[in-house]
Amino acid sequence: MLVPTEQLLQHARQDRYAVGAFNVYTLEAVRAVVSAAEESRSPAILQVLPKALELGGTALIALCLEAARTAGVPLSVHLDHCSSADTIETALEAGISSIMADGSGLPYDRNLAFTRQMVDLTLSRGKSVEAELGRLSGSEDGMTVARRDACLTDPAQAEMFADQSGVHALAVCIGNVHGTYHAPPQLDFKRLAAIADRVRIPLVLHGTSGLPDAMITRAVALGVCKFNVNTELRSAGMAAGAAYLEEAYKPELVERMQVEVNAMRQPVMAKIGLFGSAGKAS
Ligand code: 13P
């Protein structure tokens, strides 16, 4: 069943669990997320990056929306990391449930101005907005401690940003990175607790792939309501598809697709368990 993202996140915040937002590029990934969510009786978010949208067009959003509508658990569809007003407009026109207005690469004032503009655009269509404060890198390699700290979310600024922007969810940077962690992850939980203390909207953590289980459950306990998961999901699918092609005597496309669905279901099921969202579908 297709539901607003805001509804999913507010329920998670009240009940102190988190919803997984899984990046999907293909039909196989959509099937994997929907079937894992259904089996776990868990809500979930199907999430599309602008890069995937460039290739798939609005048909990719339509696929996600239809998969959500026909699913036996509550699902929404979200546009991830978007800094283009045009792309956000296109996604909203296509009926997407929520968007991330990503001005995190901009100075505070310009991030705020862009985010407010996107909140106006999105709210007029009854949809919701996530923004990010702080800067999430793809890697921490070569960063000095001072530089790393400068990229992390400041709790007082987060409170001000949430109030001034009118966003519905805020992604925070506490040492999380996108993609592979090249060194053991170091999340600043003290900072997360301070942010959660001041910010009254659902908090989001990006860069979930590669985080130790204990860090995920601790972040949930401290108030993270949405986790973004990409790398673990797509690596599982790509590795399984490649292994199938190597091993199959007479490869069949639908068989390969099914192998990929099965492989991508595993990390989704595991993450749903850690997020505490299993059984929350009702
Ligand atoms: P990972 O690829 O590290 O799971 O991060 C996903 C993400 O944050 C997408 O916005």
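Both ligands and their constituent atoms are indexed starting at 1 by order of listing.
In terms of protein heavy-atom proximity, atom 4 (O) of ligand 1 is nearest to S209 OG, 2.6 Å. Looking only at protein heavy atoms, the nearest one to atom 8 (O) of ligand 1 is G207 N, 2.8 Å. In terms of protein heavy atoms, atom 2 (O) of ligand 1 is closest to T231 OG1, 2.5 Å. For atom 3 (O) of ligand 1, the closest non-hydrogen atom of the protein is G179 N, 3.1 Å.
Using modelled atom types, one finds a donor on one side chain and an acceptor on the other under 3.5 Å when comparing S104 with D102. Judged by distance alone, the side chains of D86 and T90 never bring a donor and an acceptor atom under 3.5 Å apart. For the residue pair Y244 / E252, no side-chain donor-acceptor distance below 3.5 Å is found, with atom types taken as modelled.
For H11 and Y17, the gap between ring centers is short of 6.0 Å.
Counting the atoms of ligand 1 from 1 in the order shown, those under 4.0 Å from a heavy atom of D80 are 9 (C), 10 (O). Each of the atoms 1 (P), 2 (O), 4 (O), 6 (C) of ligand 1 lies under 4.0 Å from some heavy atom of N230. Of all atoms in ligand 1, listed by their number and element, those nearer than 4.0 Å to a heavy atom of H81 are 10 (O). For ligand 1, the atoms sitting less than 4.0 Å from at least one non-hydrogen atom of N23 are 9 (C), numbered in the order shown with element in parentheses.
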Quiz prompt | Verdict with reasoning, R234 to E260, per salt bridge (Lys or Arg N to Asp or Glu O under 4.0 Å) | solution = CA-CA 9 Å; R234 63 181 193 172; E260 292 185 8; over 6 Å; no

Quiz item: Is there a salt bridge (Lys or Arg N to Asp or Glu O under 4.0 Å) between R265 and E39 once you walk through the steps?
Solution: CA-CA 10 Å; R265 263 173 54 90; E39 189 175 326; 2.6 Å; yes

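At least one N or O atom of H206 sits closer than 3.5 Å to an N or O atom of ligand 1. Looking at ligand 1, you won't find any N or O of V229 less than 3.5 Å from one of its N or O atoms.
Ion pairing between K127 and E6 fails under the 4.0 Å rule for side-chain N and carboxylate O.
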